[in-house]
Amino acid sequence: MSRTSKSLPVWADILLIPLINLAMALGVSALIIYLIGENPIEALKLMIEGAFGSSEGIGYTLYYATNFIFTGLAVAVAFHAMLFNIGGEGQAYIGGLGVAVALLALDHYLPFWLLFPIAIMSAMLFGAAWAAIPAYLQAYRGSHIVITTIMFNFIAANLMVYLLVNVFIMPGSMTPQSRTFLESAWMPTMQAMFATFGIKISESPLNFSFIISLITSLLVWIYIWHTRWGYEMRSVGFSEPAASYAGINTKKVIMITMLISGALAGLAGVNEIMGVQHKLMLDFVAGYGFTGIAVALMGRNHPVGIIMASILFGALFQGGAELSFDMPAISKEMVFVIQGLIILFSGALAYMSKPWVERLFSIFYRKIEAKEA
Amino acid sequence: MSDVAIELKGISKSFGSVQANKNVDLKIYKGTIHGVVGENGAGKSTLMSILYGFYEADSGEIYVDGKETAIHNSTDAIRAGIGMVHQHFMLVENFTVLENIILGAESGMMLSHSIAKAKSEVKKLEQNYGLYIDLNARIDTIPVGQQQRVETIKALYRGAKVLILDEPTGVLTPQEAEQLFDILRALKKQGTTIVIITHKLREIMNLTDNVSVMRNGEIVANLKTSQTSKEELAELMVGRSIRMEIDKSPAKPGEILLEVKKLGLTDAHGVRRLDNLNFNVRAGEIVGVAGVSGNGQGELLEVLAGMRTCTEGEVKISSVAITPSLATNPKKIREAGIAHVPEDRLKRGLIPQFSASESSILGYHNSPAYNGMILTKTGAIRRHCVDIMERFDVRPQNPDIKSANFSGGNQQKLILAREMDRSPKVLLVGQPTRGVDIGAIEFIHKQIVAMRDEGSAVLLVSGELDELLSLSNRIIVMFDGKIVGEVDAKDADEKSLGLMMTNSHEGASV
Amino acid sequence: MDLSLNDLLSILSATIRLSTPLIFAAMAGIFSERSGVVDISLEGKLLAGAFAAASVAAVTGSAWLGLGAAILTGMALSLVHGFASITHKGDQVVSGVAINIIVSGLTVVLGIAWFHRAGQTPTLPSSARFMSIKLPGADAISQVPFLGEIYTKLISGHNLLVYLAFVCVGLTYWILFKTRFGLRLRAVGENPKAVDTAGISVDFLRYRAILIGGILTGIGGTYISIAQNASFTRDMSAGQGYIALAAMIFGKWKPTPAMLSCFLFGFLEALSMRLQGVVVPFLGEVPVQLIQAGPYILTVVLLAGFVGRAIAPKADGVPYIKER
């Protein structure tokens, strides 16, 4: 087959262009750091060291990554059906509520091995429930899911404040948070798990949820590409006319996809509430739902890509926190700037570089052809 | 001054690999009504869109009034005095008639001036040409015929000396069409040059002074209307290609497998898409459906395939009635024994982003053959795909390549293979060889005949008359949602079919 | 709870103050979405405007220069949004989300780098702010019962930007429905192809529309940081951009109804402040959070189409690509 001047090799499309986008985002970030009066290279070094330089750093990096994997998968699954779920933030928040409700009710009665599946199920159920109304409205009433999920983020935030202030607060306390769960209801930390094998690692919030997130990634990968439901979901996402030709019930697919998406986001609550905080509190989601969008865009909606992007963002969060200690002029919010730039360049401007790359390649090909001739 | 209003010289335009216009030369004389005829896809609309500046030609020149004129966009065209009434109206639906008329042709920053000016100008148009319209009505509340009138007024309001109309009567009732023709004649009398694109020969004979025939992106004839006939035009339009002889044994029609009674479909806008259709297809025969595209063939396929619900009538598949609950469920229809090769293969027939093996089970993806309890049987799906690729000679024979990256012919073979694989009772085939290379055409034809010989009832919709003639036993002809004739393929030829399709044969009802 | 005229007036007066930034942002949203560009980044532009105004006012001591800086900042962000979603046909929602996140980080980063106060800008003297102004005659008729009180306490005594917000609503209406630009702008949000075939550039129109949005959100941001408050604090827009988005939808993309929705949502906010911990007869203590969630709940209910129907401009959110 003859190569047309327009086509790009596959590796350029799935690797080169995303890397160029990432490089542009980091380039702009470096410019900002430079303008603040710090050395971008120095900052990068500090960040990498902070994120990967110690077992504690790695622990934190992977702990952050755990949240991003869950919320990233949530966004990605919805994207496969062409749905933009901006509601990961609220679904994760309510997912955490699900964990807390289950553990607060049962931690006195049940052993860990029973609490563990119940808490996970509860997180998924609550997260899915929070996605259910926007999903229904999109499928059956045609209400735009972007807007409704944004609204549900705010409704979730208000609901949680209400519940914490009025229901979960400990009598006599001024801080709106629940009682701490019994220790038997805590997710085992990574250092405890390593210790059973006689390996010592430093203390960090990293816990068994990370393993769950990896297993979940595998399950999501199977669902998307190796089940008939995933097949139907992708059909709806790529081409609604073809899906309806194939007899696929589009509305049902939208419902199921969004419920799964919500359930995945809800799992972030397991990491935070059961794994780290051990109690219900305000604002524990801290923007992880939005980071999920960045992660999904960068990871091209593929679980492997999402795991890699999540670790990158985990490193960004951890390294950013460390960086702000060493370079006080750069606050840890720089991480959000970088995150936003990555969303901009690998999302909205994803194909900006494509024409240039294509031109480069066609020049390259022409040279080869000239040589061959 | 020249008596030629518009002259096109060597206009070529391609979209990707499709050449829509090939080296087109065309002269349109001042103060005449010039018809451009041709089948769908012949390149008429593209040519006129180039003249109106919506597309830019790859090569060629445009002369307006004898002067070479560069038309890069619609502004240039409007400035050169060219106006266009698009087939799909370019109207803002929630605007009033008046707002639509002044949009882009306002006089000054404030709307109030424009409104006052437009009101008096439109009044003049009303008086001169009988273009009556309610200026304050919202577009989405007035009938299509009126909307078209707004398009015409828009063009004239912008000072069009040359007015292009793209398939103007497609959406009109015969009475509305007659009114439009009166208006066009009045315009001509006052010196406006009119170009009308249509595939309805009756209109051409009725209205035009000159006519150009397009086929496959080229102009194949320029004629004086008074010196030609419908028969000649029909022949030129369709083209006298060599009738492909297909090695086939005589059909042995058996029991009735598909029976359609009083089928009707009225769409959401109240337009009759299908009107009182009655026919049947027997086992072991191919029934062809002829008609100029857009006369209900597509809707017929969609209704039979369960993608659209008919508004009246009934359908039986081997004497089992398709009840309303089944009627709009393609999955159940498939289970009842209908297979469907859709007209638009890239939009419906497969999913371009899917691999060939994924596309090879579209619609059958729930079959136990491809699914375990939870996981799909990737191996089985690949084997199935390789198997049908082998039998239907799909190349490259690689199930992992994206569906979009196959050539049109190979995509079509893949779809055909998928649909034929389960020996359906009824096979619906829409435009099986559109955009397909010659080599694949022959193969596809053989497979359709083989299906017939296996005892399937085949309903074949095609815009290629020679295809219909060489494959079918019987041919039904559709016009305006109705069946206007049924002929034995042995007794038919392209000319007679062409006349029936344009509803200009003897005994034509409309 | 006894509600005197005084209480009522103070709630209504608070309503006006709380609605003002919503009105600016909602009008910005109307310009943008009426032209077919979805703008989730209202929130980010408000926040950026607030930061720019407070920073420049702190450095120069001039509220007007602060306002100018905020307007320029809003326009710059609009250009970013336009570059991604108009020029490069990128996803408008993704672009908007990106801008919001960038701004929420960058305002803190720059704030700390410039002012070293944990993300806060220096507290401004009243000379560098937009302060409340007394309308003529306010003192004279304040003693007149009822009408006098309404005039002094409700109508007079706001800052300049509050009055400007009302002017903006009228101006928005006038531009959209009485000018050539408005006609074209509304058309491009409904059927860009019609505009293109009429010989008008779709992209240029959309750029102009979102730039106006940038100006308006800049003013709204200015209001938040140097009129309503005396300095910038991190994330001080606190979701008001999203509430404005909700108000725009609730007002069905029309200026006057959108303004009324802003009042409704502002009123809910004022009420929730007022009702904090207050026991209402028969109802008991009304959960403040329920009232605060009101705008979002109402918008979802409206979008669901059970009460009335919110129909967005037809081409809203769809990049214009000439198709074959």
- Message: Taking NE2 in H144(A) as the centre, count heavy atoms belonging to other residues, nucleotides or ligands within less than 6.0 Å. Is the count above 12?
- Response: no

- Note on the structure: Closest non-hydrogen atoms of A304(C) and R141(A), given as atom of the first, atom of the second and distance, are O-NE, 2.8 Å

- Name the orientation class of the two ring planes belonging to Y296(C) and F154(A) (parallel below 30°, tilted from 30 to 60°, perpendicular beyond 60°). parallel

- Note on the structure: Highest number of heavy-atom pairs under 4.5 Å with chain A among V108(C), I112(C), V80(C) belongs to V108(C)

- Applying a strict 4.5 Å limit to non-hydrogen atoms, the region of I40(C) in contact with chain A is side chain

- Message: Tell me whether the count of non-hydrogen atoms from other residues, nucleotides or ligands lying under 6.0 Å of CD1 in I133(A) goes above 12.
- Response: no

- What heavy-atom pair brings Y162(A) and P287(C) nearest, and what distance separates the two atoms? CE1-CB, 3.3 Å

- Under 4.5 Å heavy-atom distance to chain C, tell me which part of P328(A) shows up: side chain, backbone, both or neither. backbone

- Check whether any side-chain N or O of S95(C) sits under 3.5 Å from a backbone N or O of A348(A) as a donor-acceptor pair, and report yes or no. no

- Atom pair OH (Y242(C)) and CE (M151(A)), whose distance is rounded to the nearest 0.5 Å: 9.0 Å

- Item | Atom pair CD1 (I99(C)) and CG (L341(A)), whose distance is rounded to the nearest 0.5 Å | 10.5 Å

- Note on the structure: Greatest number of non-hydrogen atom pairs under 4.5 angstrom with chain C, of V165(A), I338(A), V161(A), I293(A), falls to V161(A)

- Item | Contacting moiety of I342(A), where chain C heavy atoms sit under 4.5 Å | neither

- Query: Taking atom CD1 of I102(C) and atom CD of E333(A), what is their separation to the nearest 0.5 Å?
  - Reply: 15.0 Å

- Query: chain A heavy atoms under 4.5 Å from V288(C): which part of the residue, side chain, backbone, both or neither?
  - Reply: neither

- Query: So what's closer than 4.5 Å to chain C heavy atoms on F152(A): side chain, backbone, both or neither?
  - Reply: side chain

- Item | V94(C): which of I86(A), L344(A), I343(A) passes side-chain contact (heavy atoms from CB on, under 4.5 Å) | I343(A)

- Note on the structure: In this structure, CG of L303(C) is separated from OG1 of T148(A) (nearest 0.5 Å) by 7.0 Å

- Task: Give, as side chain, backbone, both or neither, the part of A329(A) having an atom under 4.5 angstrom from any heavy atom of chain C.
- Result: backbone

- Task: Working to the nearest 0.5 Å, report the span between CG of L106(C) and CD1 of I32(A).
- Result: 5.0 Å

- Contact origin within N166(A) toward chain C - heavy atom pairs under 4.5 Å: side chain

- Query: Does Y34(A) OH have over 12 foreign heavy atoms under 6.0 Å away?
  - Reply: no

- Message: Is I249(C) in contact with chain A via its backbone, its side chain, both, or neither, using a 4.5 Å heavy-atom distance?
- Response: side chain

- Message: Are F83(C) and L349(A) packed together at the side-chain level, in the sense that at least one heavy-atom pair is separated by less than 4.5 angstrom?
- Response: yes

- For chain A, find which of R234(C), Q289(C), H81(C), K89(C) contributes the most heavy-atom pairs closer than 4.5 angstrom. Q289(C)

- Task: Output the distance between atom CD (Q339(A)) and atom CD1 (I101(C)), rounded to the nearest 0.5 Å.
- Result: 4.5 Å

